[in-house]
Structures are given as C-alpha cells and as structure tokens.
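Beneath this line is the structure, given in structure tokens, with notes to follow.
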Amino acid sequence: MAYEFSTRRRVEFSETDMAGIMHFSNFFRFMESAEAAFYRSLGFSVVMKESGHGWPRVHAECDYERPLFFEEEVEIRMVVEERRTRSVSYRFKILKTEGGQTLVAARGNVVVVCVTKLPDGRLTSCPIPEYFSRLVEQAPPEVLAAW
C-alpha cells in the first residue's frame with residue numbers, strides 16, 4: 001500500500017508573472033498534478049469513468065515560503081495525512097534547490113471527498129471504493145511527524 005509520492009516539474013512561462021515569478025494560484029495546480037500522478041502510479045485516475053467515482057476538493061490551503069521562478073525545476077512531495085470513510089487528506093511540500101540546498105518553497109494541504117453521480121446528474125459523497133482502500137493508506141505517525 002502507498003502513502004507517499006514524489007514527482008518533479010518545471011515552472012513554465014505561462015505559470016509566471018512578468019517578473020518570471022510563479023503566480024500563487026499555480027502552487028495549487030502543482031499539488032493537483034502530483035495527486036493525479038500518484039493515482040496514475042497506482043493504476044487509476046482522478047476521474048474514474050468506469051466506476052463513476054470522482055474526487056472533488058472540499059478544502060485546500062497553501063503557505064508560501066519562497067518564490068518559484070520560470071524554468072526552475074521543483075520536487076513536489078505528498079503524503080496521505082488521513083484516510084477516512086469518504087475523504088482523504090493530503091499534505092504537500094514543494095521543494096527547490098538554491099545554492100546547493102534543498103529548501104521548502106511551499107507547504108499545502110488538500111482534502112478530497114469520494115463522490116458518485118446520481119441519475120439526475122448531482123454528485124453525492126459515497127464510501128471510498130475497496131480498490132482505493134487496498135492501494136492507498138494513511139501514513140504512519142512517525143512519517144507525519146517528519147513533515
């Protein structure tokens with residue numbers, strides 16, 4: 001079972017302002033792309049057409065510690081903070097290398113809820129499917145303490 005994931009990404013021109021600094025909203029896109037890559041690494045998608053399940057966000061936050069610049073390559077780390085019956089909480093760290101040191105550029109949290117679509121098109125929360133529970137677990141306390 002998995003509870004940690006890491007991926008790398010480069011800051012693109014379209015994600016920056018005229019000074020070449022990444023816009024704050026794009027930190028959320030980086031976190032979301034890491035979550036989607038985590039799911040792909042386990043053999044499924046954030047959009048589960050076959051099962052009819054989805055994972056909308058119900059909470060998201062980000063604390064910014066250092067700016068990211070155009071063409072900087074960063075590492076996005078995530079950990080499963082909590083897995084409940086219908087929701088999952090993730091913690092994220094976006095890391096950059098500066099002067100030979102690895103530094104935290106931002107820390108974030110995202111909470112997603114498992115939903116299914118009703119016949120009338122509305123979404124309703126539902127228990128997390130067994131295949132997800134089999135593959136994704138909550139990180140142990142000692143891992144979370146290091147975050």
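Quick caveat, the model's predicted, so the values are computed rather than measured.
Annotation for Glu12 and Phe70: closest pair C-CD1, 3.7 Å, computed over non-hydrogen atoms. Taking both residues in full, the closest heavy atoms of Pro127 and Cys114 are given as O-SG, 4.0 Å, listed atom of the first, atom of the second, then distance. Nearest approach of Lys93 to Ala146, heavy atoms of both residues: NZ-O, 4.0 Å. In plain terms, the two heavy atoms of Lys96 and Ala105 that are nearest each other are CD-CB, 4.1 Å.
Taking a cutoff of 4.0 Å between a charged side-chain nitrogen and a carboxylate oxygen, Glu15 and Arg9 qualify as a salt bridge.
Linking ILVMFWY residues whenever their side-chain heavy atoms come closer than 4.5 Å, directly or via other members, places Tyr39 and Phe28 in the same cluster. Note on Phe38: it clusters hydrophobically with Trp147, by side-chain heavy-atom contacts below 4.5 Å among ILVMFWY residues. With hydrophobic clusters built from ILVMFWY side chains whose heavy atoms lie under 4.5 angstrom apart, Val143 shares a cluster with Val110.
In terms of modelled atom types and a separation under 3.5 Å, the side chain of Arg83 and the main chain of Ser89 share no donor-acceptor contact. Formation of a donor-acceptor pair under 3.5 Å by the Glu72 side chain with backbone atoms of Phe69 is found in this model. Under a 3.5 Å cut-off, the side chain of Asp17 and the backbone N or O of Gly20 do form a donor-acceptor pair.
Within the 4.5 Å cutoff, the side chain of Ile21 has no heavy atoms near those of the Thr16 side chain. Using a 4.5 Å heavy-atom cutoff, the side chains of Arg57 and Glu32 are in contact. Side-chain contact between Val88 and Ile128 is present, with at least one heavy-atom pair separated by less than 4.5 Å. With contacts defined as side-chain heavy-atom distances shorter than 4.5 Å, the pair Glu98/Leu103 qualifies.
Distance OG/Ser125 to CZ/Arg86: 4.5 Å, rounded to 0.5 Å. Here the CD atom belonging to Glu130 is positioned 8.5 Å from the CG atom belonging to Leu135, to the nearest 0.5 angstrom. In this structure, OG1 in Thr116 is found 8.0 Å from CG in Leu123, a value given to the nearest 0.5 Å. If you take CZ on Arg134 and CG on Leu42, they are separated by 11.0 Å, rounding to the nearest 0.5 Å. Separating the CD1 atom in Ile76 from the CE atom in Met31 is a distance of 9.5 Å, to the nearest 0.5 Å. Interatomic distance, Ser14 OG to Met22 CE, rounded to the nearest 0.5 Å: 11.0 Å.
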**Prompt:** Which is it for Ile94 and Leu68 under the side-chain contact (heavy atoms from CB on, under 4.5 Å) test, yes or no, and what are the steps along the way?
**Reply:** CA-CA 10 Å; Ile94 299 175; Leu68 295 179; 3.9 Å; yes
**Study point:** Verdict with reasoning, Glu71 to Val11, per side-chain contact (heavy atoms from CB on, under 4.5 Å)
**Key:** CA-CA 5 Å; Glu71 292 194 338; Val11 176; over 6 Å; no
Please table the atom pairs, donor to acceptor, closer than 3.5 Å between any side-chain atom in residues 60-67 and protein atoms at least two apart or in another chain.
from: Tyr64; atom 1: OH; to: Phe24; atom 2: O; distance (Å): 3.4
from: Glu65; atom 1: OE2; to: Arg107; atom 2: NE; distance (Å): 2.9
from: Arg66; atom 1: NH1; to: Val104; atom 2: O; distance (Å): 3.0

Cut-off 3.5 Å, no hydrogens considered: what does the side-chain donor-acceptor table look like for residues 1-8, sequence neighbours left out?
from: Ser6; atom 1: OG; to: Glu75; atom 2: OE2; distance (Å): 2.5
from: Arg8; atom 1: NE; to: Glu73; atom 2: OE2; distance (Å): 3.0

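Between Phe92 and Phe27, the gap from one ring centroid to the other reaches at least 6.0 Å. A ring-centre distance under 6.0 Å is not found for Tyr90 and Trp55.
Contacts of Leu144 classified as side chain to side chain contact (heavy atoms under 4.5 Å, CB included), with partners at least two apart in sequence or in another chain: Val79, Glu81, Arg91, Ala139.
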